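Structure record follows, encoded as structure tokens.
Note that this is a predicted model, so its numbers are computed, not measured.
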Amino acid sequence: MKRENKFDMYYGGSGTGAGNGKHSNYEPPGHFESERLSLSGSANVETAKARHISISGSATITNEVSSETLDCSGSVHAGGNITSSTISISGSLDSGGSIRSVNFHSSGSCRAAQLIYGESEVSCSGSIRAAQIESAGTVNIAGSVHSDSVRAANAEIDGGGSIGSLNCDTASINTKGAGRAVLLLPFMRKRGRLSVDRLVATGSVDADHCTVGEITAGSVHVGRDCTVGKIMFKTDCRIEQGAEIGQEPQKV
């Protein structure tokens with residue numbers, strides 16, 4: 001399926017549309033001031049525009065960041081937007097605007113005031129926070145997530161946090177044995193379970209160790225450590241013993 005059509009096919013029951021229909025995209029930067037830019041130690045620059053950018057220290061960038069590859073193993077704060085085809089973070093990255101990429105990978109901490117977008121993938125094994133998180137492919141989060149809106153073709157989340165609306169083709173939430181074990185570790189307990197206000201999927205939803213206000217999907221599987229207020233399904237619904245369901249599931 002073409003990327004521009006990924007989010008046009010959500011199940012649209014009464015009052016259950018998948019959002020405003022606006023889609024993010026990735027536009028590659030058109031101009032670089034240099035081939036490479038390496039920042040280490042403590043750095044303060046106005047802008048960072050280079051084909052390849054590497055940051056291993058503490059950097060404050062007043063305005064935007066533009067590159068083809070961005071590797072961050074230190075601490076970076078950018079006042080403006082960050083645009084790079086490939087973004088790899090093992091430290092911390094903070095944007096006062098949006099972060100747009102083709103492949104976004106983070107094993108550290110990432111925060112954006114507006115949008116985090118990975119055209120092929122948004123992958124995070126640390127903590128991620130943004131007003132919106134989107135991908136035309138997969139959003140894969142193993143850690144802590146906080147966002148008003150998450151949109152993806154495939155959403156795979158193993159961790160805690162809070163999401164306002166989750167719109168996707170398929171969703172898998174805390175279904176991996178390893179993910180549930182991690183959630184029981186003392187340092188993870190403070191994060192708590194994942195809370196989702198509203199989950200809409202054209203295909204399947206498989207959820208455990210989470211609290212969801214409302215699920216609308218083609219098929220639904222709810223694990224025993226799951227609390228759901230309302231379920232609307234198209235083909236089938238399986239609820240394990242121990243799960244807490246607020247209303248009788250409705251086939252629509």
Side-chain angles (χ1 to χ4, degrees), residues 7 18-20 22 24 72 75-82 87-101 103-118 121-168 170-176 178-180 182-201 205-215 225-229:
F7 303 110
N20 57 19
K22 295 181 180 178
S24 301
C72 171
S75 175
V76 180
H77 172 77
N81 296 327
I82 297 173
I87 297 177
S88 299
I89 305 164
S90 57
S92 66
L93 181 65
D94 183 4
S95 168
S98 294
I99 300 174
R100 295 175 185 268
S101 64
N103 295 292
F104 177 93
H105 300 279
S106 174
S107 59
S109 171
C110 184
R111 182 173 62 177
Q114 299 175 17
L115 168 73
I116 294 177
Y117 177 75
E121 182 181 28
V122 172
S123 176
C124 177
S125 58
S127 66
I128 186 168
R129 180 185 293 266
Q132 296 172 279
I133 301 171
E134 296 186 13
S135 176
T138 299
V139 168
N140 189 328
I141 299 171
S144 174
V145 55
H146 292 274
S147 180
D148 294 334
S149 172
V150 175
R151 296 170 64 92
N154 304 301
E156 301 172 5
I157 302 175
D158 280 277
S162 62
I163 297 173
S165 64
L166 172 56
N167 297 273
C168 55
T170 62
S172 174
I173 300 176
N174 289 329
T175 59
K176 300 176 182 178
R180 289 197 297 271
V182 168
L183 286 167
L184 297 176
L185 294 176
F187 71 89
M188 286 292 288
R189 286 175 183 163
K190 293 181 181 179
R191 295 179 181 175
R193 57 199 282 133
L194 180 68
S195 173
V196 180
D197 293 340
R198 186 162 171 267
L199 196 167
V200 179
V205 170
D206 190 0
D208 201 3
H209 199 87
C210 63
T211 299
V212 184
E214 178 181 312
I215 296 177
D225 188 23
C226 201
T227 301
V228 182

Let me confirm one number: the [atom1]-[atom2] distance from [X] to [Y], rounded to the nearest 0.5 Å.
X    : Y    : atom1 : atom2 : answer
K176 : D206 : NZ    : CG    : 11.5 Å
R111 : I128 : CZ    : CD1   : 12.5 Å
C124 : I141 : SG    : CD1   : 6.5 Å
D158 : T175 : CG    : OG1   : 6.0 Å
D208 : R193 : CG    : CZ    : 8.0 Å
C110 : I99  : SG    : CD1   : 3.5 Å

Exercise. Evaluate the side-chain proximity of N81 to R100: yes if any heavy-atom separation is below 4.5 Å, no if none is.
Key: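 In short, these two side chains do not touch, never coming nearer than 4.5 Å.
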
Exercise. Kindly indicate, with the supporting measurements, whether the criterion side-chain hydrogen bond (donor to acceptor under 3.5 Å, both in side chains) is fulfilled by N154 and T170.
Key: CA-CA 5 Å; N154 304 301; T170 62; 2.8 Å; yes

Self-check item: Option among I89, I133, V139, I82 that satisfies the side-chain contact (heavy atoms from CB on, under 4.5 Å) test with F104
Solution: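 Exactly one pass, corresponding to I89.
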
For [X], all residues meeting side chain to side chain donor-acceptor pair (under 3.5 Å), sequence neighbours excluded:
X    : result
S88  : none
H146 : S162
R129 : none

Self-check item: Heavy-atom closest pair, residues A113 and A131
Solution: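 Answer, listing the atom of A113 first, then A131: O-CB, 3.6 Å.
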
